[in-house]
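Below: the structure, in structure tokens.
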Amino acid sequence: MLLKILAVVVLLVIGLVLFIATRPAGFRYTRSAVIAASPQTLFQQIDDLRQFQNWNPWAMIDPNVEITYAGPPTGVGSSYTWKGNREVGEGTMTIIESKPGELVKARMDFRQPFAATHTAEFAFKPENGGTRVSWTLHGDNNFMGKAIGLFIDCDKMCGDQFEKGLTHLKTLMETAPES
């Protein structure tokens with residue numbers, strides 16, 4: 001009887017492992033907002049990682065997060081490293097592509113709570129007297145990421161933070177004089 005139970009458990013574990021392994025690796029989470037500011041003004045807020053901290057939702061989760069900047073103040077090669085509490089984790093964001101008024105793309109190297117490298121993109125498109133800012137995170141999940149995705153809605157988790165950040169950016173931009 002014990003062998004039959006053990007065999008069933010082993011088959012269930014193998015089945016779960018196979019199911020997780022066949023899940024899609026790629027993911028893409030995007031949120032956007034229309035903000036009453038020019039693409040260039042919004043670009044300047046995002047291309048300067050020091051300005052990014054004024055509305056970065058994860059920086060607001062941990063007011064004691066340690067941040068270190070490296071590289072040029074803006075554009076390709078500009079980076080910041082953060083080390084925060086359990087919710088914020090630890091990693092480095094490095095701008096890898098910068099097109100004024102159009103796009104800021106960054107490599108996200110996460111170290112804690114899990115190691116991963118993904119890409120964040122901020123795209124700007126003029127729309128209805130303002131600019132549509134789209135914030136996207138995309139990449140590939142390893143086996144553990146696929147397993148976590150079975151139990152946690154990562155799109156909602158990241159998306160909620162993107163929405164908070166875009167709301168903070170909108171408030172900041174719409175209450176500040178345009179430069």
Side-chain angles (χ1 to χ4, degrees), residues 27-140 154-179:
F27 69 88
R28 183 175 203 83
Y29 313 135
T30 301
R31 298 297 187 275
S32 62
V34 176
I35 299 174
S38 71
Q40 187 60 36
T41 299
L42 290 162
F43 169 82
Q44 290 168 352
Q45 275 295 311
I46 297 168
D47 196 52
D48 181 342
L49 296 177
R50 288 165 181 80
Q51 296 297 320
F52 176 65
Q53 299 313 312
N54 294 329
W55 56 274
N56 177 356
W58 283 279
M60 295 173 197
I61 291 172
D62 181 2
N64 298 316
V65 65
E66 297 172 25
I67 295 176
T68 306
Y69 297 96
T74 62
V76 174
S78 178
S79 72
Y80 84 95
T81 298
W82 74 91
K83 186 173 184 175
N85 63 20
R86 194 172 70 86
E87 289 179 81
V88 173
E90 181 179 334
T92 300
M93 177 177 182
T94 305
I95 295 177
I96 58 173
E97 188 174 347
S98 179
K99 295 180 181 176
E102 293 179 34
L103 175 76
V104 174
K105 188 184 289 188
R107 187 181 68 243
M108 304 293 300
D109 295 305
F110 300 98
R111 287 183 285 288
Q112 292 290 331
F114 56 87
T117 298
H118 302 310
T119 302
E121 294 179 10
F122 298 89
F124 313 97
K125 298 228 187 270
E127 182 177 309
N128 300 331
T131 302
R132 177 166 298 279
V133 180
S134 296
W135 187 352
T136 301
L137 181 70
H138 61 89
D140 288 325
C154 296
D155 180 65
K156 179 172 177 13
M157 185 174 68
C158 282
D160 287 352
Q161 293 304 315
F162 290 179
E163 288 172 7
K164 285 179 187 175
L166 290 169
T167 298
H168 291 301
L169 178 61
K170 181 177 178 73
T171 300
L172 181 70
M173 294 288 84
E174 293 181 357
T175 58
E178 177 120 1
S179 50

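Quick caveat, the model's predicted, so the values are computed rather than measured.
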Between Ser79 and Thr94, the two heavy atoms sitting closest are CB-OG1, 3.4 Å
Do Glu102 and Pro39 have side-chain heavy atoms sitting under 4.5 Å apart? no
Is any side-chain heavy atom of Met60 closer than 4.5 Å to one of His168? yes
Please examine the side chains of Ile46 and Leu169, heavy atoms only from C-beta on, and report whether any two atoms are closer than 4.5 Å. yes
Going from CD on Glu90 to CD on Gln112, what distance comes out if it is rounded to the nearest 0.5 angstrom? 5.5 Å
May I ask you to decide if the ring planes of Phe122 and Trp135 are parallel, tilted or perpendicular, using 30° and 60° as cut-offs? tilted
Do Arg111 and Thr92 have a side chain donor and acceptor closer than 3.5 Å? yes
Give, for atom CE of Met93 and atom CG of Asn56, the distance between the pair rounded to the nearest 0.5 Å. 8.0 Å
Would a distance-only check, ignoring hydrogens and angles, find a side-chain to backbone donor-acceptor pair under 3.5 Å from Thr131 to Ala37? yes
Atom pair CG/CZ of Asp160 and Arg31 - distance to nearest 0.5 Å: 7.0 Å
Can you tell me how far the OG1 atom of Thr167 sits from the CH2 atom of Trp55, to the nearest 0.5 Å? 11.0 Å
Value for OG1 (Thr81) from CD (Glu66), rounded to nearest 0.5 Å, stands at 11.0 Å
Minimum heavy-atom distance between Ser134 and Thr30, given as atom pair plus value: CB-CG2, 4.3 Å
Any side-chain heavy-atom pair of Ser98 and Phe43 under 4.5 Å: yes
Hey, does Asp109 have a side-chain heavy atom less than 4.5 Å from the side chain of Thr117? yes
Under 3.5 Å donor-acceptor, Asp62 side chain and Asn85 backbone: yes
Kindly give the heavy-atom pair with the smallest separation between Pro57 and Lys164, and that separation in Å. CB-CB, 4.2 Å
Output, in order, the C-alpha distance, side-chain angles, deciding distance and verdict of side-chain contact (heavy atoms from CB on, under 4.5 Å) for His138 and Glu121. CA-CA 8 Å; His138 61 89; Glu121 294 179 10; 2.9 Å; yes
Using every non-hydrogen atom in the two residues, find where Ser32 and Arg132 come nearest and quote the distance to one decimal. OG-NH1, 2.9 Å
For Lys170, give me all partners under salt bridge (Lys or Arg N to Asp or Glu O under 4.0 Å), at least two apart in sequence or on another chain. Glu174
Just say parallel, tilted or perpendicular for the rings of His118 and Phe27, cut-offs at 30° and 60°. perpendicular
May I ask you to test the Phe162-Thr136 pair for a side-chain heavy-atom distance under 4.5 Å? no
Applying ring pair (Phe, Tyr, Trp, His ring centres under 6.0 Å), name anything that partners Tyr80, two or more places apart in sequence or on another chain. Trp82
Might you point out which heavy atoms bring Gln53 and Tyr69 nearest each other, and give the distance in Å? CG-OH, 3.1 Å
Approximate separation, where rounding is to 0.5 Å, of Ile35 CD1 and Thr171 OG1: 9.0 Å
